[in-house]
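None of these values were measured; they are calculated from a predicted model. Nothing fancy with the numbering, it's 1 onward along the sequence.
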Amino acid sequence: MQYYKSHHLAIFLFFSGFLLSLFINSFRDMIGGYDIYIYAQYFENVKENGNFLKYESGYYFLNLLLYNIYPNRYFLFFVIGFLLLLSFLFFSIKVTKRLAFFVFFLIFCKLYFYTFVYLRQILAVVIVWFGFYFLFKGNRRFFLIFIALGSLFHISALIGIVVLFAKKIFNIKSVILIFILGLVLGFFVNTQQIFMILGGFFDNNRLISNSNNNNLVNYFYFLEAVSIYIWLMLRYDFYKKENYRNQMIFNLSLIYVFLNLLTINDATSLRMTWFFLIGPILFFLNELNSNIKQKGILFFGIIIYFSIIFIRIMIVWDGGDFLPYKSIFQDEPRFGRWEFLEYR
């Protein structure tokens, strides 16, 4: 009876937290920095301006559809917030019912605040994740369909294709080489120049402008990448004998480490790691379901680390512009950093 009550209390708290986070996201005012004003203005002028997102027509048609239903920017925020949070919840329950809270919590800590800002890219990330769901089942055709669909919202989704180069777990030499390559390129090569090249190729001024951002090395994520890599190496022999799904989870985790290292001094291109974030999250889930000792310490260590990430993003990102929070139901001024962009 005690377990029954605790179990139902956990479910109640889980869904209560989900509904609260959904409300906060879907009914927020103009919170999200520079990008949110651009997305809002794009939405409210979508009929007049047409699709100037040359390679990302999926996002254009979503805006056009929502505009024809209700042409108010807050309706756009509500629908996209609802879709993203519901997708996080659905994916968490789909991969595990027993530890769905754990999966949702990790996704939430890493991406929740970015759902306020990078509407197109987070939509693309979620779509690619559903592609990985089919890839784990060996269905490469459906995986490619979801990659293509994701690229219609944000062209960066095409990076997911790299997973197809490995039909099984990377051999140990490749695992070591990938780490060293990411480390060397991340610290000694200016990855921002990639944006200049890509911007010229796709005739995309946004990509070109990203190449001019000045960023410092993010040692916080460097330590994360190194920690995950060490963990992967310690468990390599175990995963080498595992099924296709778990070997792909290992590969996704390694790619996540590589991209973290590669983009360690570029906050813009660091967002590429989001597409592979589901790899280490499912890797952590596998470890908690395995026979390793001291799983309690492991569980709370991961929870504490991701909680720190959540708080850090909330306080530090964009000069702390996520705070104070303001909903659309509040009339008082927020005095946000980007309110001078208000076009109404």
Side-chain angles (χ1 to χ4, degrees), residues 10 13-14 17-18 20-21 24 85 88-89 91-92 95-96 98-118 122 125 129 175 179 182-183 186 215-236 238-239 246 249-267 269-290 292-318 320 322-323:
L13 292 175
F14 178 26
F18 167 76
L20 178 61
S21 63
I24 291 172
L85 270 295
F88 292 169
L89 178 65
F91 199 86
S92 301
V95 297
T96 174
R98 189 173 69 88
L99 290 172
F101 163 76
F102 175 77
V103 174
F104 181 83
F105 181 80
L106 300 192
I107 297 172
F108 178 86
C109 287
K110 270 278 192 175
L111 298 184
Y112 179 65
F113 284 116
Y114 295 128
T115 64
F116 286 62
V117 187
Y118 303 112
I122 300 294
V125 167
W129 283 4
V175 172
F179 177 79
L183 199 61
N215 297 291
L216 300 175
V217 172
N218 190 328
Y219 290 102
F220 194 80
Y221 288 114
F222 169 74
L223 291 174
E224 176 186 324
V226 172
S227 299
I228 294 174
Y229 176 74
I230 293 172
W231 195 349
L232 289 171
M233 288 293 287
L234 292 173
R235 299 288 285 165
Y236 179 79
F238 173 80
Y239 277 85
N246 286 339
I249 288 173
F250 184 96
N251 289 346
L252 287 178
S253 301
L254 183 61
I255 295 171
Y256 176 81
V257 168
F258 172 77
L259 289 175
N260 251 309
L261 295 173
L262 180 67
T263 61
I264 206 69
N265 62 358
D266 185 355
S269 52
L270 185 66
R271 305 201 305 258
M272 300 298 105
T273 64
W274 297 345
F275 291 100
F276 302 95
L277 173 64
I278 200 62
I281 288 177
L282 293 180
F283 176 73
F284 298 152
L285 179 66
N286 282 347
E287 295 299 277
L288 290 175
N289 285 324
S290 68
I292 62 172
K293 298 179 180 179
Q294 299 177 322
K295 286 192 285 188
I297 296 175
L298 174 63
F299 176 81
F300 285 109
I302 295 172
I303 292 294
I304 290 171
Y305 173 75
F306 275 79
S307 298
I308 292 172
I309 289 177
F310 177 82
I311 295 170
R312 182 176 181 270
I313 294 172
M314 179 175 64
I315 296 174
V316 175
W317 190 87
D318 205 13
F322 279 127
L323 299 173

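Considering only heavy atoms from C-beta on, Tyr219 stays 4.5 Å or farther from Ile264 through its side chain. The side-chain heavy atoms of Leu277 and Trp129, taken from C-beta on, include a pair separated by under 4.5 Å. Put simply, the side chain of Leu13 does not reach to within 4.5 Å of the side chain of Phe101, judged on heavy atoms. Residues Phe276 and Asn251 fail the side-chain proximity criterion, which asks for heavy atoms closer than 4.5 Å. The side-chain heavy atoms of Leu89 and Phe14, taken from C-beta on, include a pair separated by under 4.5 Å. Counting heavy atoms from C-beta outward, Phe322 and Val117 have side chains that approach closer than 4.5 Å.
Nearest heavy-atom pair, Leu252 versus Gly279, reported as atom, atom and distance to 0.1 Å: CB-CA, 3.7 Å. The shortest non-hydrogen separation linking Cys109 to Phe306 is CB-O, 3.3 Å. Across all their heavy atoms, Ser269 and Asp266 have their closest contact at OG-OD2, 2.7 Å. Between Asn246 and Tyr239, the closest heavy-atom pair is O-CD2, 3.5 Å. When every heavy atom of Pro280 is checked against every heavy atom of Ser253, the shortest pair comes out as N-OG, 3.2 Å. When every heavy atom of Leu85 is checked against every heavy atom of Phe18, the shortest pair comes out as O-CE1, 3.2 Å.
Counting only distance, with no hydrogens or angles, the side chain of Lys295 and the backbone of Ser290 share a donor-acceptor pair below 3.5 Å. For the pair Thr96 (side chain) and Leu99 (backbone), a donor-acceptor distance under 3.5 Å is present.
A distance of 9.5 Å separates CE in Met233 from CZ in Phe179, rounded to the nearest 0.5 Å. Taking CG of Leu106 as the start and CD1 of Ile303 as the end, the distance is 5.5 Å to the nearest 0.5 Å. The distance from the CD1 atom of Ile122 to the CZ atom of Phe116 is 12.0 Å, given to the nearest 0.5 Å. Atom CG of Leu285 is separated from atom CD1 of Ile278 by 9.0 Å, given to the nearest 0.5 angstrom. From Thr115, atom OG1 reaches atom CG of Leu111 across 8.0 Å, with rounding to the nearest 0.5 Å. Here the CG atom belonging to Asn260 is positioned 5.0 Å from the OG1 atom belonging to Thr273, to the nearest 0.5 angstrom.
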For this session: Carefully, step by step, assess Tyr305 and Ser227 under the rule side chain to side chain contact (heavy atoms under 4.5 Å, CB included).
Result: CA-CA 12 Å; Tyr305 173 75; Ser227 299; over 6 Å; no
For this session: Go through the steps to decide whether Phe275 and Ile255 satisfy the test side chain to side chain contact (heavy atoms under 4.5 Å, CB included), and finish with yes or no.
Result: CA-CA 10 Å; Phe275 291 100; Ile255 295 171; over 6 Å; no
For this session: Evaluate the side chain to side chain contact (heavy atoms under 4.5 Å, CB included) criterion for residues Tyr112 and Ile24: first the C-alpha distance (whole Å), next the side-chain angles of each, then the deciding distance (0.1 Å), finally the verdict.
Result: CA-CA 11 Å; Tyr112 179 65; Ile24 291 172; 3.5 Å; yes
For this session: With side chain to side chain contact (heavy atoms under 4.5 Å, CB included) as the test, would you mind laying out the steps for Val175 and Leu232 before giving the verdict?
Result: CA-CA 9 Å; Val175 172; Leu232 289 171; 5.9 Å; no
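Using cut-offs of 30° and 60° for the angle between ring planes, the Tyr236 and Phe250 rings count as perpendicular. The aromatic rings of Trp274 and Tyr118 sit tilted, their planes meeting at an angle between 30° and 60°.
Between the side chains of Glu224 and Tyr256, at least one donor-acceptor pair of N or O atoms lies under 3.5 Å. A donor-acceptor pair shorter than 3.5 Å cannot be found between the side chains of Arg235 and Asn286.
Taking the ring centroids of Phe108 and Phe310, they lie under the 6.0 Å cut-off. The ring of Phe102 has its center closer than 6.0 angstrom to the ring center of Phe299. Taking the six-membered ring for Trp and the full ring otherwise, Phe113 and Trp317 have centroids separated by 6.0 Å or more.
Each of Leu298, Ile249, Ile228, Asn289 was scored for a side-chain contact (heavy atoms from CB on, under 4.5 Å) with Phe284, with one residue passing: Ile228.
For the pair Arg312 and Phe220, the cation-pi criterion (under 6.0 Å, within 45° of the ring axis) is fulfilled.
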